[in-house]
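Only one structure is covered here, and it is reproduced in the block below.
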Amino acid sequence: MEAMNDAYKAFRKETDPAKGAELARTSQEHLLKGFTELPASLVAISDPAAKAKAAGEYRLMMAKLLVSLVEVEQAFIANDLPAVEKLVESLKSQKKEGHDKFIED
């Protein structure tokens, strides 16, 4: 997830469409590598039904994040930097929501 976050931080400031699209794809690739992994807070759940429910919620949130990253890539390809900025704002809120829900401090 750290590599995905690094690419995310880089494309937030990128103005070159080709570089931005590549960074968005890099984020997508790293997200897919970690898709089946669960955060420690979910691994620690002992009740199988609660763990399955939480894991499903986590994967759904990650799938929505993947869609958003593809939208960022497409906005860069279209050279629509205002759309990229809008999508980055959406990504910030998705990241906060996911970390608040699944990452322990």
Side-chain angles (χ1 to χ4, degrees):
M1 293 301 240
E2 188 175 323
M4 181 182 79
N5 194 46
D6 290 344
Y8 160 73
K9 287 179 182 176
F11 77 64
R12 288 186 336 195
K13 301 171 186 163
E14 188 57 62
T15 57
D16 179 279
K19 288 179 185 177
E22 180 61 33
L23 288 165
R25 282 189 295 276
T26 298
S27 288
Q28 295 165 31
E29 291 167 8
H30 290 293
L31 182 141
L32 289 172
K33 288 177 185 176
F35 186 79
T36 58
E37 296 177 19
L38 296 177
S41 63
L42 298 187
V43 172
I45 298 173
S46 58
D47 176 37
K51 187 175 196 170
K53 181 180 182 212
E57 290 172 2
Y58 174 76
R59 285 191 299 274
L60 179 60
M61 190 169 276
M62 294 297 281
K64 289 177 181 179
L65 176 59
L66 178 61
V67 170
S68 294
L69 291 170
V70 172
E71 290 172 344
V72 169
E73 176 189 5
Q74 292 300 303
F76 271 119
I77 289 169
N79 198 18
D80 188 351
L81 297 181
V84 170
E85 288 179 27
K86 185 176 178 181
L87 290 163
V88 164
E89 287 304 313
S90 171
L91 287 171
K92 286 179 186 177
S93 64
Q94 286 181 30
K95 180 179 178 180
K96 181 176 179 1
E97 180 184 354
H99 285 193
D100 288 349
K101 189 167 187 171
F102 297 111
I103 306 297
E104 295 177 345
D105 291 331

> Which pairs, with at least one residue in residues 56-65 and sequence neighbours excluded, count as a side-chain hydrogen bond (donor to acceptor under 3.5 Å, both in side chains)?
Replying inline: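 Listed by first then second residue: Glu57-Lys101.
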> Got a sec, which pairs hit ring pair (Phe, Tyr, Trp, His ring centres under 6.0 Å) with one end in residues 74-97, sequence neighbours left out?
Replying inline: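 Matches after skipping sequence neighbours: none remain.
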Taking only distance into account, with no hydrogens and no angle test, what donor-acceptor pairs under 3.5 Å do side-chain atoms of residues 79-90 form with protein atoms, sequence neighbours excluded?
residue : atom : partner : partner atom : Å
Asp80   : OD1  : Ala83   : N            : 3.2
Glu89   : OE2  : Lys92   : NZ           : 3.1
Ser90   : OG   : Gln94   : NE2          : 3.4

> Among the clusters formed by ILVMFWY side chains lying less than 4.5 Å apart, do Ile77 and Leu91 turn up in the same one?
Replying inline: no
>> Are Phe35 and Val43 connected into the same hydrophobic cluster when the rule is that any two of I, L, V, M, F, W, Y join if their side-chain heavy atoms are below 4.5 Å apart?
In response: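 Same cluster.
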> Is the count of non-hydrogen atoms from other residues, nucleotides or ligands lying under 6.0 Å from Lys9 atom NZ greater than 12?
Replying inline: no
>> Under the rule for side-chain hydrogen bond (donor to acceptor under 3.5 Å, both in side chains), what residues qualify as partners of Lys96, not counting sequence neighbours?
In response: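 Scan of Lys96 (side-chain hydrogen bond (donor to acceptor under 3.5 Å, both in side chains), adjacent residues dropped) gives Asp100.
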> Partners of Ile45 by side chain to side chain contact (heavy atoms under 4.5 Å, CB included), sequence neighbours excluded?
Replying inline: Leu42, Ala50, Lys51, Ala54
Residues 21-30, side-chain donor-acceptor partners within the protein, below 3.5 Å, at least two apart:
residue : atom : partner : partner atom : Å
Glu22   : OE1  : Arg25   : NH2          : 3.1
Arg25   : NH1  : Glu73   : OE2          : 2.8
Thr26   : OG1  : Glu22   : O            : 3.0
Ser27   : OG   : Met4    : O            : 3.4
Ser27   : OG   : Tyr8    : N            : 3.4
Ser27   : OG   : Leu23   : O            : 3.4
Gln28   : NE2  : Ala24   : O            : 3.4
Gln28   : NE2  : Leu69   : O            : 3.2
Gln28   : NE2  : Glu73   : OE1          : 3.1

